[in-house]
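In this text, all values refer to a predicted model and were calculated from it rather than measured experimentally.
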Amino acid sequence: MTQPFPGTPAFTGFNEPARIEAAILDLEVEGKIPPELDGTFYRVGPDFRHPPRLGDDININGDGMVSMFRFAGGHVDFRSRYVRTEKFRLESAARKALFGAYRNPYTDDPSVAGKDRTTANTSTVFHGGKLFALKEDGLPHELDLDTLETKGRFDYRGRMTSATTSSHPKIDPVSGEMITFGYEARGLATRDVALQVIDRSGNLVREEFFLAPYVSMQHDFAVTSRHIVFIVIPITTDEARMKAGGPHWMFEPERETLVGIMPRDASTKDIRWFRSPSIGIGHVANAFSDGDKVYLDASTCAQNIYPFIGNIDGTPFDRATGVPRLTRFTFDLGGNAEGFEAETLFDDFMDMPEIDDRYQLNAHSRGFFAIADGSKAALNNVGTLGVGWNTIAHVDLARRRMERFFIGPDAACQEPQFVPRRANAAEGDGYLLSVITRLDGDSHTELAVFDTQDVSDGPVAVARLPFRMRAAIHGCWVSGPAA
Ligand code: V55
Ligand code: FE
């Protein structure tokens, strides 16, 4: 590489690109890895392969770097590898960035016109016996479960006709189906949304298109045992703006926030839209149906939730109205009201929600989060999604209590992953895995294992990498030995 990375926040400190593809047998462990932990923690995040074409960039535009921690018999093995997207292959051959701004093909080198821009950098999912890396602007990329080699872009044998599919699919623990959706489904800035259902064996069995009220960053959605919930927040696009080299997304608070709910066994024509003045709804922890009510637990803030997205009136990102808090929304399908209720469950600055996946789509009482505790020193404000998480939390929703652990100064933790202690363990009883990066003079990344019974006691084991990784975003746990 003949050019350095820029000295901007997205490329320095915790965000400095690492670009390390590694295979390490038996990580050094402090403490004791619980021997019953048997399976693999996969994750993916943005790690820029090349300096950005336009001089600077936003974190979420980095190339997808997948990593895996495989647990067996008290040992942990590690592997990391870039997803070989078309973008990655073209740019690697050229030894430089050819693609420009996030989701703006008008800023690309003409030599890559029409090529697949996706970075596959946001989440991993295991379904139908296959592991995928996901990004909401493209199709899934299938990965080898052992080597992380990219098997290729996956379109469900031609049956997925949408151009996109979400980074936040939901798996029904009862039927084994995966329910997901793609937005901008018929190309750049299109209003089309595709509802997609994949059966437990991995066959796409339903793809139904509808029009969103307006084109919006639909980063997450929700599913219950009986309903599907689409979320439209006022982060909007504008093709003329993109043509002029501007950003794909801007926050436009004059627009309403809309939540569309349909029965799973009905058509997208039956979506009923609930509405409110602009609020920011981000990651979904879970949702469930009870009688005529649908309950949705999600990270919510008053206005723009993403620091990396500009406000359309030119004002800077406002942290005061952008703090995500766990909020329970209630939608009443029994009445005729267009509004809905919102209750803040905790006042903490928290996001990256996880639950015990055995309770997905059904009533849950436990949750796991990353918190940015502003009362502690050394908060890094430029983590991958614009926040430096410094605290891991296990939340008891029934009692409105939480147990939390501050990971120490000069450190940032990532989305926790819950693993049940055993197949029939009680809800939330098990282990919590979180990757932590420390920049305290001995910069490195480590994987902390907490017992969910005693999160506030700190990790029971820490597996240490001999280098620093760039932070990942979302991941998944695949139980059992190597495939
Ligand atoms: C988010 C993350 C993304 C993205 C769009 O968390 C939204 C929000 C890592 O990429 O492309
Ligand atoms: Fe996400």
Side-chain angles (χ1 to χ4, degrees), residues 1-3 5-6 8 10-11 17 19 44 46-65 82-122 132-142 150-156 158-167 182-194 207 209 212 215-219 235-250 308-310:
M1 192 167 87
T2 51
Q3 270 200 323
F5 285 101
T8 56
F11 293 89
R19 309 190 295 159
V44 65
D47 193 355
F48 293 91
R49 178 77 183 78
H50 307 277
R53 176 172 153 79
L54 304 173
D56 195 8
D57 211 340
I58 54 176
N59 275 311
I60 61 168
N61 204 26
D63 299 286
M65 172 69 91
Y82 272 116
V83 186
R84 265 56 180 179
T85 59
E86 187 167 36
K87 172 185 185 290
F88 180 92
R89 287 184 279 115
L90 289 164
E91 294 186 332
S92 296
R95 289 181 175 268
K96 65 173 185 182
L98 299 169
F99 294 80
Y102 181 71
R103 300 189 71 170
N104 185 346
Y106 300 108
T107 61
D108 294 347
D109 186 289
S111 69
V112 295
K115 303 292 188 191
D116 189 352
R117 305 183 87 255
T118 197
T119 52
N121 73 3
T122 310
F132 301 104
L134 303 171
K135 175 81 171 176
E136 65 199 53
D137 68 350
L139 291 179
H141 281 67
E142 189 188 351
T150 303
K151 296 189 172 182
R153 191 167 60 189
F154 194 75
D155 65 2
Y156 294 89
R159 289 201 203 151
M160 187 174 275
T161 66
S162 167
T164 63
T165 192
S166 173
S167 301
Y183 72 90
E184 296 194 27
R186 289 198 159 115
L188 192 71
T190 54
R191 252 174 80 198
D192 306 82
V193 178
E207 187 178 50
F209 287 81
V215 185
S216 124
M217 186 204 259
Q218 289 178 243
H219 179 62
I235 291 178
T236 59
T237 194
D238 177 343
E239 190 138 22
R241 183 172 75 216
M242 284 191 270
K243 280 186 179 148
H248 188 111
W249 297 121
M250 293 200 91
F308 49 85
I309 289 173

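Scanning both residues, A10 and D56, for their nearest heavy atoms gives CB-OD1, 4.4 Å. Nearest heavy-atom pair across A185 and T190 is N-OG1, 3.6 Å. Closest approach of S167 and T122 over heavy atoms only: OG-CB, 3.3 Å. When all heavy atoms of P6 and P52 are compared, the pair lying nearest together is CD-CD, 3.6 Å. When all heavy atoms of T161 and G158 are compared, the pair lying nearest together is CG2-O, 4.1 Å.
Side-chain atoms of H141 do not come within 3.5 Å of backbone N or O of A120 as any donor-acceptor pair. Checked by atom type and distance alone, the side chain of N104 pairs as donor or acceptor with a backbone atom of M242 at under 3.5 Å. One N or O on the side chain of R191 and one on the backbone of A212 form a donor-acceptor pair closer than 3.5 Å. N121 places a side-chain N or O within 3.5 Å of a backbone atom of I60 that can act as its donor or acceptor partner. Judged purely by atom type and a 3.5 angstrom limit, T119 has no side-chain atom pairing as donor or acceptor with the backbone of G64.
Inter-residue side-chain proximity for S92 and Y82 is flagged as unmet; no heavy-atom pair is nearer than 4.5 Å. Put simply, the side chain of M217 reaches to within 4.5 Å of the side chain of E136, judged on heavy atoms. Side-chain contact between S162 and F209: present, with at least one pair of heavy atoms (C-beta onward) separated by less than 4.5 Å. Counting heavy atoms from C-beta outward, Y156 and E207 have side chains that stay 4.5 Å or more apart. Proximity of Y102 to D137: side-chain heavy atoms (C-beta onward) are nowhere separated by under 4.5 Å. T165 places a side-chain heavy atom less than 4.5 Å from the side chain of P140. By the 4.5 Å heavy-atom criterion applied to side chains, R117 and P105 are counted as neighbours.
Here M160 contributes atom CE and D155 contributes atom CG; the two are 8.5 Å apart, rounded to the nearest 0.5 Å. Between atom CD of residue E184 and atom CZ of residue R103 there is a gap of 4.5 Å, rounded to the nearest 0.5 Å. A distance of 12.5 Å separates OG1 in T164 from NZ in K135, rounded to the nearest 0.5 Å.
Note on E91 versus K115: no salt bridge recorded, every NZ/NE/NH1/NH2 to OD/OE distance being 4.0 Å or above.
The environment of R153 atom CZ is sparse: at most 12 non-hydrogen atoms of other residues, nucleotides or ligands sit within 6.0 angstrom.
Each of T107, T118, L90, D116 was compared with F99 under the side-chain contact (heavy atoms from CB on, under 4.5 Å) criterion, and only L90 meets it. The salt bridge (charged side-chain N to carboxylate O under 4.0 Å, His left out) test with D63 singles out one residue from R84, R49, K87, and that residue is K87.
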Go through F48 and F5 one step at a time and tell me if the ring-ring contact (aromatic ring centres under 6.0 Å, His included) criterion holds. CA-CA 9 Å; F48 293 91; F5 285 101; 7.4 Å; no
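Judged by distance alone, the side chains of S111 and D109 do bring a donor and an acceptor atom under 3.5 Å apart.
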